[in-house]
Each structure stands twice: as C-alpha cells, then as structure tokens.
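Note that the structure is predicted; figures quoted are calculated from it, not measured.
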Amino acid sequence: MSGARTAHAQVIDGFGAADVFRPADLTIAAPPAGYLQIRVAATTVNPVDLQTRAGKAIPAGSARFPMILGWDVAGVIEQIGDGVDGWNVGDRVAAMTFQPAEQNGAYTELINLSADLVARVPDSLELEHAATIPLTGLTASQLVRTVDLPSGATLLVNGPTGGVGRLVVQLASHAGVAVIAVTKPADRERAIELGAAQVVGRGDFTGTVRDLYPDGVDAAIDVVGHDAAAAALGCVRDRGVFATVYSNYDDPGHKLQTQRGIRFDNVAVHPDTAELTTLLQRADSGELATPVEQTYPLSDAAQAHRRQEHGGLAG
C-alpha cells in the first residue's frame, strides 16, 4: 500500500462569509483498516454547508480548524485499507460524510472514508450527478419512509423544488402518493413535472389546502421550517403525520405543538449504504431527476457558496 499523499483542498480557519475559504495542501494518510481512499470527482454545496461556514451548525467550542466542509462525495477508489473486501482500485463510488462530527468533509481531492459508508455508482451515471444524491437523497428517502403512506394517500410538501423537496416529491409520487406541493407561482410547472398532483401558493396556504381537503391531508413533510412548518402542520388531518428536518429548538414559539393526535417526527439524516445504492440506481434509470445547474472547480468554493446564497437554483 502506498504511503501518505498530498491533496489540494479548500479549508476555513474560522467561521464567516464566503471569503473565509483558503486553499491548502493537505497530507492525506494511507487509508487505515476498514477504510477506502477516494479521489473526489465531485461534491456539492448544500444549505447546511452555508450554515456550517457561518457558525450556525457547529458550536464554536466544538470547532476544529482548519476545517473542511462538504457532505457529498462522488469519485474513484485510489487505495484500499486492510480488511476491506468487495472493492477494487478504480471503482466508482459515492458516500455521505457526517461533516459536523468529523469536520473533515469533501472539499478536497482525496478523502479516507469507512468502507461501510460507500456505495457503488452505476457505470452510466455521471459522477457529478451521483454527488447530488447522498445527503439530499437519503434525507428525502428517510422523510418519505417516516411518514409511511400507502398508495392513494395525500402528502403536503413545502419546499418541493429544493434539493431535498424535489426528491421527496418524486419518491412519494412514484409510490402512488398524491403530493400537494406548496411553492411560488414561478415553480408551479417544475413541481408538476416532478410529480406533484396539485400545487398551491406559498404564504398562508393552510386555508387553501383545507378548502381542497376539509378534513386535512394524511401527512406533511416540512423542509422549510418556521412559519411554513406551522402552516404545513395546520393542513394535516387529526391523527395524521408530520415530519420535518428541523429540530424542536427551531420552534421557539411552540407553534408546532398540537393536541390533535398528530404524530410528530424530527428526521435527522443518517448514513444507509443499501438505501444510497438504491437511490443511485434509481437516478441512473432516470426515475429520479437530479439536475446539475452549475459546476465550479475546487478553487472556486467561495463562488459556489455565493451562488447557493443567492438562491433560485434549479439543481
């Protein structure tokens, strides 16, 4: 096995605006037992990366600098640690890192990851597209699995054209669930193309949905939080299901408390290699659309963050 290697990376030495990034040459050790070394072909910029960079995801006392951001990895295996079977150098793979815990993310040319986290990328799926799947795909899949609706049930989704929401809509609609998408007028057609059965406008949408479904919808999935989460909860029928990616501490006014027998679930994404493998296969078959709006070289990490901050992304 080869020894340590040098990799270009983009790191931050403290929390702040996008200009906090700087280039760094890192020494990457050979992968230890049970690990794979991956040459990163593509990663992504997710909203959580912006929150982390700004100091809103990792407490200052727990931060370790220099820090590497990035949850999503797609690339090619370069080295294999002892005790790892079933993989070969050159295999195409994808994985989700849990960056807030490891603080050693994917904005780097090389990364060592536990083989347990790594899923095979189908030969015909571009690595840039594979990189869009791990964090958003697993989050969406785990949200849909949590509400656990049968075919024919009704599901309200706010934020249906964002990274997670677009996959929630597709996964639910493919399962035969009638999706009611809450979005701005400009995104109406996009939501329908993703599989939404109905589209309602944002703002105070609870009344609109209740006009359509007087008893309420069977479930709601919230990926927006705050007032939009409370409005989504108001659309759910008694003894229905509400799932959100936001924790209770994001509800300081206790607007999400309910006495109507609604099951309330906070969903925190977790690695699941079998689930990720299935999602990659579904993306490869065309069943899940994962568009890439724009790509940047690693050296332009700051500019990629500014583009995410600007909003309005279609991929």
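When every heavy atom of Ala131 is checked against every heavy atom of Pro134, the shortest pair comes out as O-CD, 3.5 Å. The shortest non-hydrogen separation linking His270 to Leu138 is O-CD1, 4.1 Å. Contact detail for Tyr296 and Ala304: the closest heavy-atom pair is CD1-CB, 3.7 Å. The shortest non-hydrogen separation linking Ala243 to Leu143 is CB-CD2, 4.0 Å. Across every non-hydrogen atom of Phe205 and Ala232, the tightest pair is CZ-N, 3.6 Å. When all heavy atoms of Leu127 and Ala41 are compared, the closest pair comes out as CD1-CB, 3.6 Å.
Looking at heavy atoms from C-beta onward, Val223 lies in side-chain contact with Asn158 at the 4.5 angstrom threshold. Contact check for Asp272 versus Gln142: side-chain heavy atoms found under the 4.5 Å cut-off. Looking at heavy atoms from C-beta onward, Glu109 lies out of side-chain contact with Val40 at the 4.5 angstrom threshold. Asp19 has its side chain within reach of Arg306: a pair of non-hydrogen atoms, C-beta onward, lies under 4.5 Å apart. Taking the side chain as every heavy atom from C-beta outward, Thr97 and Glu102 never approach each other to under 4.5 Å. Between Trp71 and Pro100 there is a side-chain heavy-atom pair separated by less than 4.5 Å. Annotation: side chain of Ile28 is in contact with side chain of Asn112 (closest heavy-atom distance under 4.5 Å).
Of the possible donor and acceptor atoms, none in the side chain of Gln10 sits under 3.5 Å from a partner among the backbone N and O of Ala302. Proximity of a side-chain donor or acceptor of Asp187 to a complementary backbone N or O of Lys184 within less than 3.5 Å is not detected. Asp82 contributes no side-chain N or O that, together with a main-chain N or O of Pro32, makes up a donor-acceptor pair within less than 3.5 Å. The main-chain N or O of Ile12 is never found under 3.5 Å from a side-chain atom of Arg53 such that the two would form a donor-acceptor pair. Side chain of Asp211 to backbone of Thr208: no donor-acceptor contact under 3.5 angstrom is found. No donor-acceptor pair closer than 3.5 Å links the side chain of Arg166 to the backbone N or O of Arg190.
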Item checked: CA sep, side-chain torsions, deciding dist, call: Arg282, His174, side-chain contact (heavy atoms from CB on, under 4.5 Å) -> CA-CA 11 Å; Arg282 295 178 74 173; His174 281 306; 3.8 Å; yes

Next item on the list: Show the numbers, then the answer: is there a side-chain contact (heavy atoms from CB on, under 4.5 Å) between Val292 and His129?
Entry: CA-CA 7 Å; Val292 175; His129 283 88; 4.0 Å; yes

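There is a path of hydrophobic side-chain contacts, each under 4.5 Å, that joins Val267 to Leu279. Following chains of ILVMFWY side-chain contacts shorter than 4.5 Å, one cannot reach Val157 starting from Val199, and the two form parts of different hydrophobic clusters. One hydrophobic cluster, built from ILVMFWY side chains closer than 4.5 Å, cannot hold both Val45 and Phe98; they sit in different ones. Hydrophobic clustering (ILVMFWY, side-chain heavy atoms < 4.5 Å, transitive): Ile192 and Val177 are in distinct clusters.
No side-chain donor from either of Asp72 and Thr43 sits under 3.5 Å from a side-chain acceptor of the other.
Using a 30° and 60° split on the angle between ring planes, Phe65 and Phe15 fall in the perpendicular class, above 60°. The aromatic rings of Tyr107 and His305 sit perpendicular, their planes meeting at an angle over 60°, well past the 30° parallel limit.
Between Asp218 and the choices Arg263, Arg237, Arg239, the salt bridge (Lys or Arg N to Asp or Glu O under 4.0 Å) rule is met once, by Arg237. Partner of Thr132 under the side-chain contact (heavy atoms from CB on, under 4.5 Å) criterion, chosen from Leu288, Thr290, Leu167: Thr290.
Taken from CD1 in Ile77 to CZ in Arg39, the straight-line distance is 13.5 Å, to the nearest 0.5 Å.
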